[in-house]
Amino acid sequence: MQREYDIVIWGATGFTGKLVTEYMQQNYSGGNLTWAVGGRNQAKLDALGLGAGVDILVADARNQAELDALVQKTRVILTTVGPYARYGSELVAACAAHGTHYCDLTGEVHWMREMIEKHQAAASDSGAKIVHTCGFDSIPSDIGVYFMQQQMRSRHGVAASAIKYRTRAFKGGFSGGTVDSMMAMMEAAQADPRIMETVADPYALNFTHRGLDGLDRKDQFYDEDFNAWVAPFVMAAINTRVVRRSNELLGQAYGDEFRYDEGTIVGQGPAAAMGAAAMAFGTTAMNSLAAITPARKMMQRMLPKPGEGPSPETIEQGFFDIELLAKHPTDSALNLRGKVYGDRDPGYGSTAKMLAECAVCLAQDKLPVEGGFWTPASAMGDALLQRLPANAGVTFELLN
Ligand SMILES: NC(=O)c1ccc[n+]([C@@H]2O[C@H](COP(=O)([O-])OP(=O)(O)OC[C@H]3O[C@@H](n4cnc5c(N)ncnc54)[C@H](OP(=O)(O)O)[C@@H]3O)[C@@H](O)[C@H]2O)c1
């Protein structure tokens, strides 16, 4: 593909877009990778002060003709323009039609399914590799599972029959864009109950194979495998769908009966049991409130607005620490434990680095897939296991 740029960072004026741009400036300036920034507002893009070496492209996310022209200038579009169900459909259509690779940060499962249904054939014809969920949702889950399955296969010659993902600790904050995306999804689900059905389906992103996993747990429980009380993990409804889709796209490499779930470790003892119960109740209450229009509007007034997000200190001092347990199909003595660690806050500092590395990977690495809609693991599993620890401060390690 002959194009003017390798990568365009689309949404460079937003909270996450600015962090991605900063990362690209620090790590990919002056080399053989050409990149530009894009957005809808020339004055805001100029105010980023990126200097003459970085081109600026202006277009509106709702204008199909402008986007068709934009995507033909670049090999890869990295987009942080969300909520994606509101602003992202025309861009995906343009990339699929014109053979432009694409990565984003969406967690809007119903929208991903819609995009796959509408544009899989075009992407496959044009050669566009389209990869959603390239941030904290769902790289640690998807690449973490890919890593653990590789380890199980190389050590014991079989696929793990189940993997449990448990967050041990994390520190960070929320941006207005994320709040807006969550609220937009609740609003859409209120208007169309089929969206809620899709979001609740544990195999919402599978098209040919379903497995044994049931609905997400909403309660707290004691997990003997971790000797700890576990509460629901807020991103599980996205990450589990992506991991299950990876299994399908990898030709059921994890097995037809593979099980996967996510949770948050709270601790041991009665205080932890109460903490886990409070977290379970809090998550359900938040979701129920967000489904009611006046409560949702009140929450939006109190939470960060689009363009706002955590402070530089919160990002710098943030981290995430996740433990994965991979179960051997027949012998629990051969179970493996692993750890995924990120050296910045999950939602922004680490997410910006993971997304940028996905874009560079799509631009530069030899990947085992052709055009179509892929998950991070199915398109870039091996490449990201090299890139993320080397460049992005996200590590994957075996604990036993
Ligand atoms: N999965 C994850 O781990 C993760 C982590 C972080 C964020 N996210 C998601 O990433 C998205 C961005 O979050 P954020 O906090 O960075 O949001 P944000 O600060 O509100 O940024 C949104 C960006 O979209 C641009 N935009 C809005 N409407 C547009 C239009 N019509 N045409 C072109 N550009 C337009 C904005 O441009 P202006 O500056 O001109 O308004 C801005 O650059 C959200 O959907 C969020 O949920 C996901």
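One-based numbering along the sequence shown. Numbering of ligands and ligand atoms starts at 1, following listing order.
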>> I'd like the name of whichever of G309, S181, P83 reaches closest to atom 47 (O) of ligand 1 through any heavy atom.
In response: S181
> Which pairs count as ring pair (Phe, Tyr, Trp, His ring centres under 6.0 Å) when at least one residue sits in residues 353-378, sequence neighbours excluded?
Replying inline: H132-F373
> Between K164, R241, R244, which is the residue that forms a salt bridge (Lys or Arg N to Asp or Glu O under 4.0 Å) with D213?
Replying inline: R244
> Which is it for Q220 and M279 under the side-chain contact (heavy atoms from CB on, under 4.5 Å) test, yes or no, and what are the steps along the way?
Replying inline: CA-CA 8 Å; Q220 75 284 5; M279 279 173 74; over 6 Å; no
> atom 7 (C) of ligand 1: which protein heavy atom is closest, and how many Å away?
Replying inline: T178 OG1, 3.5 Å
> Which of the atoms of ligand 1 are close to G307, meaning less than 4.0 Å from one of its heavy atoms?
Replying inline: 18 (P), 19 (O), 20 (O)
> What do the steps show when you test M380 against D365 for side-chain contact (heavy atoms from CB on, under 4.5 Å), and what is the final call?
Replying inline: CA-CA 9 Å; M380 303 183 275; D365 295 348; over 6 Å; no
> Considering only heavy atoms, does T351 approach ligand 1 within less than 4.0 Å through its side chain, its backbone, both, or neither?
Replying inline: side chain
>> Looking only at distances, can you tell me whether any N or O atom of T16, backbone or side chain, sits closer than 3.5 Å to an N or O atom of ligand 1?
In response: yes
>> For ligand 1 and T80, I'd like to know whether there is a polar contact (N/O to N/O, distance under 3.5 Å).
In response: no
> Hey, does the Lys NZ or Arg CZ of R166 hover above the aromatic six-ring of F233, less than 6.0 Å from the centre and inside 45° of the axis?
Replying inline: no
> Looking only at heavy atoms of G107, does any of them come nearer than 4.0 Å to an atom of ligand 1?
Replying inline: no
> Are K44 and ligand 1 in contact, using a heavy-atom cut-off of under 4.0 Å?
Replying inline: yes
>> For ligand 1 and Y348, I'd like to know whether there is a polar contact (N/O to N/O, distance under 3.5 Å).
In response: no
> Should G14 be counted as touching ligand 1, given the test is an N or O pair under 3.5 Å?
Replying inline: yes
> Who gets closest to atom 9 (C) of ligand 1 by heavy atom: V81, D60, L105?
Replying inline: L105
> Nearest non-hydrogen atom to atom 41 (O) of ligand 1 belongs to which of K18, R40, H132?
Replying inline: R40
> Quick one: does L398's side chain get under 4.5 Å of R155's, heavy atoms only?
Replying inline: yes
> Would T133 and M112 satisfy side-chain contact (heavy atoms from CB on, under 4.5 Å), going step by step from the backbone distance to the final call?
Replying inline: CA-CA 9 Å; T133 61; M112 286 186 253; 3.5 Å; yes
> Between A59 and ligand 1, does any nitrogen or oxygen pair lie at a separation below 3.5 Å?
Replying inline: no
